[in-house]
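Order of appearance sets the numbers: ligands from 1, and atoms from 1 within every ligand. Note that the coordinates shown come from a computational prediction; the quantities given were computed from them, not determined experimentally.
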Amino acid sequence: MAILPILKYPNSRLREKAKTVEVFDERIKDIVTNMLDTMMDAKGIGLAATQVDIHLRIVVTDISEDYSSPIIFINPEMKITDDTPKSYTEGCLSIPGIQEPVERPTEVLVNAFDQEGNPFEQKYTGLMATCIQHEIDHLNGKLFIDYLSPLKRQLIRKQIKKNKSK
Ligand code: GNR
Ligand code: NI
């Protein structure tokens, strides 16, 4: 059990593309446990392995109030089942202090494996649809601020620099 350090923007490792998990062994279970601990410690609703500098296609989420409903996604694949744009104010543990609205498809169908290597398929709407799209983006080296206008991104970069120096 361990709390792992979370990479912070603009660390270039957040831009790496994570690799497919090929073998479901104890090492993967350990990573999942440590990611759940790290997510809870940071009070997040999701965490991608990329954010803890592990470049494997592993995501953990828990949108419940009391962290009683974790969902583990290994090698997640996503299909958009309703592309109506839905706006949600997003934040990211790798970009602390920044919250901005982002539009994403309303409904997605996700295929993934759990930590035992069992496949599952589930449709998501609402906060969970936003969350899983945000997490799969991390596995592909993409951040929510990439969806904002260049002007807004520049303002955020300046804000982060300013916060760093104080
Ligand atoms: O904790 C998180 N909250 C959140 C809120 C709105 C949209 C997405 C998220 S995910 C974020 C945790 C995180 O950075 N996961 O990568
Ligand atoms: Ni994030």
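- Looking only at atom types and distance, the side chain of Thr125 has no donor-acceptor partner in the side chain of Glu107 under 3.5 Å away.
- Remark: ligand 1 atoms within the under-4.0 Å shell around heavy atoms of His138 are 16 (O).
- Here is the list of ligand 1 atoms found below 4.0 Å of a heavy atom in Glu135: 10 (S), 13 (C), 15 (N), 16 (O).
- The distance from ligand 1 to the heavy atoms of Cys92 drops below 4.0 Å at these ligand atoms: 14 (O).
- Considering backbone and side-chain atoms alike, Ile45 places an N or O below 3.5 Å from some N or O of ligand 1.
- Centroid-to-centroid, the aromatic rings of Phe113 and Phe73 stay 6.0 Å apart or farther.
- The distance from the CD1 atom of Ile74 to the CD1 atom of Ile72 is 7.5 Å, given to the nearest 0.5 Å.
- Looking at Asn140 and Arg57, their side chains do bring a donor and an acceptor atom within 3.5 Å of each other.
- Between Thr89 and ligand 1, not a single N/O pair is under 3.5 Å apart.
- Because its NZ or CZ atom is both nearer than 6.0 Å to the ring centre of Tyr147 and within 45° of the ring axis, Lys142 counts as a cation-pi partner of that residue.
- Taking atom 7 (C) of ligand 1 as the reference point, the nearest protein heavy-atom neighbour is Glu90 CG, 3.5 Å.
- Of the heavy atoms in His134, only side-chain atoms (C-beta onward) come closer than 4.0 Å to ligand 1.
- Close approach of ligand 1 to Gly91 is summarised as follows: ligand atoms under 4.0 Å from at least one heavy atom of the residue are 4 (C), 5 (C), 6 (C), 8 (C), 9 (C), 10 (S), 11 (C).
- Looking only at atom types and distance, the side chain of Asn111 has no donor-acceptor partner in the side chain of Glu77 under 3.5 Å away.
- Residue Gly46 holds the heavy atom nearest to atom 12 (C) of ligand 1 of all those in Ser94, Gly44, Gly46, Pro101.
- Of the polar atoms of Leu93, at least one N or O is found under 3.5 Å from an N or O of ligand 1, judged by distance alone.
- The proximity of Gln51 to ligand 1, defined as any non-hydrogen pair under 4.0 Å, is limited to the side chain.
- The CG atom of Leu7 sits 6.5 Å away from the OG atom of Ser94 when rounded to the nearest 0.5 Å.
- For Asp137 and Arg104, the salt-bridge test passes: some basic side-chain N is under 4.0 Å from an acidic carboxylate O.
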